[in-house]
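Computation of the quantities below employed the complete heavy-atom set of this structure, encompassing side-chain atoms and omitting hydrogens, waters and symmetry-equivalent molecules. The chains referred to below are lettered A, B, ... by the order of the sequence lines, with proteins before strands, and numbering in each begins at 1.
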Amino acid sequence: MPITSLESFLFERKLVSSCPIEILQNSTIGIDVDHYLYRIYTFKKEQFLPGIGGVPSSLKDYIHLDLQVFKEFNIKPIFVIPGMKIQIQKHDYKTGELSQQEQHIETTWMKLSNKPPYSYNNMESFRLYSESLPVRPMIHDLITYFIDIGVDYMVAPYDVSFQLSYLYQNNIIDIIYGSTDLLLTQLDKFILGMEFQSKDFRFIDKAKVLHDLSLSERQLMDLSILVGCELQPTMFPIFPPIPKPNLTQPYPQLSYFKMGLDIIYQYSYNNNSNDLYGFIMGLQDPTLLELYQKGHTALKCIPVMNKDGYVELYNVEMAKLGIKNNIDFLEHEKEPESEESTSAGNVVKVPNDVHDIISQRLPPEFYFYQSIGLLPVGLLEAITQGQLHVRPPLESSLNDNYKRLVTSKFYTESLDRQFNLITQLLTRYYGFRKINVKFWFRDEEEKLNNRMFTPVSKMVEKLFIQEEESSNEFNLTKFWTQLNGGSFTAVKNKKITSVSDIISTILLRVLYLYGIVDNKTLKLTNLGKIFQRFVQENPESNNINNLMLLLLLIKTQTIRFDEINNEFTSVPKFFKELSNDESISFEKTKLITMIARVFTLVKLNISPINYQGPISRGLLNFRSFVGYVSNDLIHLFECLLVDFIVHEENNDLRNSLKNKQDWYQLISQLPFYKEVPNTLLGVMVEIYFEYSIRQAIADPTKSKQDIIKNTKDHLLNFVYQVNNTSFNINVNGINSIKENTLFEDFGIGLTLWNDFVKMMIIANDIDNKLVSDNYLESVNEANKLVKEFI
Amino acid sequence: MKSQTPNHLNKPPRFSATSTTTNATGSSPSPSPTPPVGRGNGHRRSNSRYGSSGNTPNPSSNGKSSNGEEKVALVKLTGIVSKAVGKKVTATVSSGARYQGLLVSADTADNSGLSVALYKPVLVQSSPFNDKSNVDTALPEKMIVKLSDLVDLEILKLDILDSTVPDGSTPRKAQTQTATPASIPVSNATPSYQSQTSTKFKTDTDISRSAFKERELQRWVPDDHDVLMNTSLSLEDDFKSNKNNSGWDQFKVNQDKFGIDSSFDEHLYTTKINKLTPEYQERLARASKIANEIESLLTSDRHILEERGMVVDDSGMDEEDKYSGVDRRGDELMAALRGPLGNSTQNVSGKPDITPQDQQKYNPHEKRAARFHNDPAIVLSSATGGSLKSSTPPSPATVSTAVPGPAQPKALESSSPSAAGTTTTTASSTSALKSKPTSIPPKPPVAQSTEQFRLNSQSEINALREFSANFKIPHKLPNDLLPILSKDQKKQEEIIKKQSDSLQALTKDSKSVKESKPTPGPNGSPTNSLSTTTSTTPLLARKKLENTKSTFNPKAASFTPGNVAKHPLLSPIAQKSTYHRPSNTNPSPRVSNQRPYSSSQGSTGTSGTGSSSKRLHHISAADFFGSQSKVPTKESQEQKLKLFNDLFCFFASTRRRFREEKKEGHVTYDRPYQTPPTWNSTIDMSHDQVYPNPDSIPKQAVGMMIPDSSPFMPNPMLNGPTGMSAAAFGGNYGGLNSKLPLNAHQQQLASMAAFHQLQQQQQFQAAMIYQQQLAAAGGGIPPGQSPMPMYSSTDPFLPPGAPSGFIAPPGNFIGSGSGSPVNNHMILNMGQGGPGGGGNPNIGGGPGYQGGNYGHHGGRRYNNSNNNNAGGNKRSN
């Protein structure tokens, strides 16, 4: 969140200048990923993203195109991803309280379900025009992509703008591409917008802005705190709320910054004062005064990672560079403040309660893990803030099954373990401090038991997998075949160095904690046996990680795949009805639901700029289940990995991973690292089978080929309108939906389905409590259905 | 003048009886002389209004036949009478009594004579036959004297404009004729105009156009009578101080002089202040505190600021603009876009000091100023309108500069020394306009499509804008400007030196120009006149001539001064500097901070270089990155990326340090548990202790903002948004706002801001706002609870009814119970053209208000009596 409403105001004041990109030739440019995505994904783009979940499928294409322009001019980008939030950025949700965006999603679903089908996709957006796409769920995907294409990146410890400013002042980068928040940092100019099409960019000269607005730096800070900026996002309630949208003004905006300017001009004019401190005091609200003071402290003391890899406060770092920071204006303005005394002492004033305002401090090692993407940002944030917020999933708050999942003993224990692993490594303070988990639907907070009698690291410290010939390629299939059980011990005098050994070892520990490897005998339990047998029978399968997720989900017993959840709408009938006559039996609908759910785990690689096709809330709900299971798995994995490195158990990874590239190689191969894909293939499959069944009912004599052909035509021409230029933007462009991508992905989904059926048969065979005969029956029925129409 | 009914109308015998006093011809020569000197001439001009409206008797019909004569007489009578309507007349009735009053109407319809109606008749002379006196008490307001009763009608002051009277030989005519040019000096200059428009309604603009010669004002000297009454009366004397001297008591004077017993009681108009109450002092203190607070409220209203004695940037505004004029910004632009064809044709080389613009409908103030200043800086600074016109193609002035010859060395000199093309044009054309306006015959306007004109002027506007950013004064700095620029003697010298340096450089330039003798523009096309002029500067000339075929191009590089190191788009301030303060040395933005308050004065020029931000400027990489050494190269890029990859890694840097210190053995990293959860603080204070003590900050100074977007707009609203926003805040709107409950003051600020925004964005009709406000008034503020506790309704200094006397808000607005005095106060302010000014008397207890009222009443009474008095004087004469 940049300084509220400043950007448009700067354009209005014509303080944004343009320049051709070629000037930036040979430069390194630091990019604020948050701002970058904000510029790409304007309100009009990806309006359905919160309705389908996942990372926007167009993301890679966009970055790819932009990088090509950079390449043309030999510009090297360094992407900086926002890190943890600080205390005053945190919003304390009340029980049941939804954020604006969450509320908006809820109402949009309501609207869509109440709409007549023919107007299904007209101009409803799941996105709030005032909010940009959240970056955090995309971090892992972005990092993998950056590593793939060899672009430098970094996850900032906290705020991006200040980290970028630090890079800039240290001549690591030549220029910054970021948001107006950069005006609050030490720099002279930055790029606000890149027009890759026209090959020019817009930049802002800070001195010019200050001069034109006749503001001192202090005043700009005061004003930003007043209207809200990234580090102090709460707008002071002296401003009116944005009027509700109406027909004439569908996206109302208020120029808060301009109003704030008026305040500051008049206040300083009348009171001969260079700041708004007196003004805030005059509001006579201690909350606001506190916000103001904390905001100022945050703006000055926000920690950044310095060149040595230590995380220090921004003003301390600036002082090291000899930049006399504007810290000393905290002195009363009227006190004679001699230049000599400040420059001689050069003492940066750091109050002794910074940790309360910004964040408690973590060891530099952990900030490093975060900066390369090895530790989830949310986890460290919960540790520093002492609280973990579990927010409702995308399909929103209604579903009891999902609540059951996230509050299940298994998963809260998993959280216990994660925090135990990390806090055990930290100073004792963290070990004693309880971390509270706050679920959005519950009043009381769950206190995590991160002080375990036997620390988790002790439990797993004996488990190793070391291959004779280890490689740097981790293979999940190979991993499962290795798990013959019994002896998971370290090879003496041989340290673990290879990526495959590292990941195998950690994954083994995950399975141990998950109970897939028995805690005493170290033999595989039923769940493990299922996988092992499956891998033995199907060594070629590529779907093992998806099957693992599905089976783990089945194990939670919170959702049965053929169970229809009536709370949520599925794909609207409009897209799958032949006519109104045919009615599909309930049984068949259940089967279709199961098929669609399994297919959902495969990504449909269509990437229109703005998908507006059919969506399903039911499938989104299912995706949330899978997503939670997957996230827990990777989080536990990451914690175990960090624990493994820090304890140096038969490894010297701190030294053996010599440079960042080595670390990148490790990260890029972490299993379950990416976000679960969107639901679109499931949606498509649901349409496919329902439409086919309807055809068969309408005309039993119709041949299988005819039905398949009709269905495909229906999908291509009616649902996705592949050839319709107005619907499928850029028919021939990079973002278009193409016939072959649709059915290729369908094919991939089909292999997953086939493997799923096989796995379910094995599972029923090994443990028919997990997958009952009845369950298997319906899987087989569903498989028949699939075979009938493929 | 005395005019009586014509005697030759034969029918009523009484008329013939009075005919002795009547002129036979019925026309004007009158025994009763000119009006009293004290009142005469000033008023005469206004009579001219009636001149054309009067009936004009036809001279050709005069004396043709007796019947005709009769007719003529009747026509004349009608004419005179019609002019006399509204004048004071004295009518003598058949009884012999004489009545004086205003002639309201007269009836000449029946060809036989006159019936008149008098307004507010006064008995001047009672009937000699009737001894009963004091009939005047029964006189009606309007008295109709019928034809049968009317003996004589004397019109006391009638001025017949002679031009309408056929025979011009009368002395009266001569008199008026001489008088007219004296009082209306403009009439000669613009005869056609006056005859056309004199009958129409005159707008302010019309009136202000005719250049008045002001009369010399004479100091008022009291005559003896007054001196006796008051020895020490002067205008400047304070009311109070006189009271102490028991000086002026208007009631007493009124009673003494005219026997009028005043019933005035100030408590009829205001609440009585009980000064005996024990709380009186306390209340007084509170009132003055409140007044103080109000006076320290923030405002951007220019008038209020002025009232408070603050310095407002009003340069470039004259009195009319400031206090009464209609905001005409944008007119020049419109005019320019329409194309100045029509105006240029008027420019017949006439008087040099009246340019054709003088005769246009309106002179923007910049131009007015420009005409009266010889300082080129001022002329140029106001060039947006003026130079635009003068450099527009068909104008002869511009053409004149385009012919550089020995005959015009001055023009050449002034046109050469500037770096920017437009400077030369404006400067030279202005000076040419002044010095040699007649030397060159006007060129006939070149036929050109209006569209092209529009485009040309558009591009010129752009050019001028750009120019204004880069302009340097090419002339010597006037000495009297120096103390304005800087008070420091040293700095002044510096400026002078700078000036003379650049002047020298420029004169060198111009010399070389003279040698090179640029030929006049290759073709006579007016669009090229500008580039031709610029060709006097050789460097630019080449560039310009290269693309002479193109029209004037505002983007042309010639506007970027070649030798300036920094690009204008970039800040002139050194790289990577920090800004503790605004770039000026003044710690407070007060003095330098003129821009915010001029933001409403037109945004065209204020943003300076930024005005062309959309365009791509050819900034070099060195400009952008600060210096050539900072321009990234491939090597530096590689280096930086390597740095990035090597640095920011805790392990790597530890290893590096380890190597540097050449320690033996295993690298040891900081143990994670060694890092405390706190940061290294340097001072033993919490963050809030760093701030100054709250008590040391003056809290009362907190103000609120008044939208500066439309300071003159009387808008009786503000309560509306209060209600709206309060409701909105209270509702479920905005997750973040619900986090913080509003207190009253914030609510008010919010409403201010909302109001501001509404004004800015939605442009609501006032009427709509009213409706809203009425709707919101019920729910917005809890009834009976004032938003600001300090203005509680129990305050004796704020009688509930008092504010409503100022302006008449809708009845239910006050009555709805939402009437917060504060908001009323604001409403008043808005209505009165600015808060503070109107507000102070209101809050301060109302004496000012009463005073105004009082004065008003007193004035009227006095006037009345004066009228009476005048009547009396008249009669005695």
Problem - Pick from B/L643, B/V631, B/L641 with the largest number of heavy-atom pairs that fall under 4.5 Å of chain A - result: B/L641
Problem - Straight-line distance of A/I75 CD1 to B/Q637 CD, nearest 0.5 Å - result: 8.5 Å
Completion exercise
Per-residue tally against chain A (heavy atom, under 4.5 Å) across B/R656, B/K634, B/K640, B/R657 peaks at B/K640
Exercise for the section: State, to 0.1 Å, how close B/S686 and A/P351 come at their nearest heavy-atom pair, and which atoms those are. Expected result: C-CB, 3.8 Å
Exercise for the section: Would you indicate whether the side-chain heavy atoms of B/P677 and A/Y430 approach each other to under 4.5 Å? Expected result: yes
Problem - B/P676 and A/T427, any side-chain heavy atoms less than 4.5 Å apart - result: no
Practice task
Would you sort out whether B/N645 and A/N659 count as a side chain to side chain donor-acceptor pair (under 3.5 Å), showing the intermediate values?
Solution key: CA-CA 7 Å; B/N645 276 314; A/N659 52 34; over 6 Å; no
Problem - Toward chain B, the part of A/Y292 with a non-hydrogen atom under 4.5 Å - result: both
Problem - Part of A/I372 lying under 4.5 Å from any heavy atom of chain B - result: neither
Problem - Residue pair A/L425 / B/Y673, side-chain heavy-atom distance below 4.5 Å - result: no
Exercise for the section: Counting only heavy atoms closer than 4.5 Å, note whether A/D356 contacts chain B via side chain, backbone, both or neither. Expected result: neither
Exercise for the section: Side chain from CB out, backbone as N, CA, C, O: work out which of these in A/L362 comes under 4.5 Å of a heavy atom of chain B, or both, or neither. Expected result: backbone
Exercise for the section: Kindly indicate whether the side chain of A/C301, heavy atoms from C-beta on, has any atom under 4.5 Å from the side chain of B/W679. Expected result: no
Exercise for the section: Side-chain contact test, heavy atoms from C-beta onward, threshold under 4.5 Å: evaluate it for A/M305 versus B/F650 and give yes or no. Expected result: no
Exercise for the section: Specify the closest pair of heavy atoms between B/P672 and A/P363, including all atoms of both residues, with the distance to one decimal. Expected result: O-CG, 3.2 Å
Exercise for the section: Pick one of side chain, backbone, both or neither for A/N306, based on which atoms fall under 4.5 Å of a heavy atom in chain B. Expected result: backbone
Problem - Close side-chain approach of B/T675 to A/Y310, heavy-atom, < 4.5 Å - result: no
Fill in the blank from the handout: So, the part of A/Q25 with a heavy atom under 4.5 Å from chain B: the answer is backbone
Practice task
Using non-hydrogen atoms and a 4.5 Å limit, figure out which bit of A/V209 sits close to chain B: side chain, backbone, both or neither.
Solution key: neither
Exercise for the section: Dump the intermediate steps for side-chain contact (heavy atoms from CB on, under 4.5 Å) on A/Q360 and B/T678, then the final yes or no. Expected result: CA-CA 6 Å; A/Q360 289 173 349; B/T678 54; over 6 Å; no
Problem - Check: B/R655 side chain, A/K658 main-chain N or O, donor-acceptor pair, under 3.5 Å - result: yes
Exercise for the section: Side-chain contact test, heavy atoms from C-beta onward, threshold under 4.5 Å: evaluate it for A/S371 versus B/F648 and give yes or no. Expected result: no
Handout entry: Test of ring centre spacing under 6.0 Å for A/F203 and B/F624
Key = yes
Practice task
Please flag which part of A/L657 lies under 4.5 Å from any non-hydrogen atom of chain B: side chain, backbone, both or neither.
Solution key: backbone
Handout entry: Heavy-atom proximity to chain A below 4.5 Å, by part of B/D646
Key = neither
Problem - Beyond-backbone contact of A/E365 with B/D670, side-chain heavy atoms, under 4.5 angstrom - result: no
Practice task
Tell me, please, whether B/F644 has A/K660 positioned over its six-membered ring: NZ or CZ under 6.0 Å from the ring centre and within 45 degrees of its axis?
Solution key: yes
Exercise for the section: Against chain B, work out which of A/D652, A/V354, A/I78 has the most heavy-atom pairs shorter than 4.5 Å and name it. Expected result: A/I78
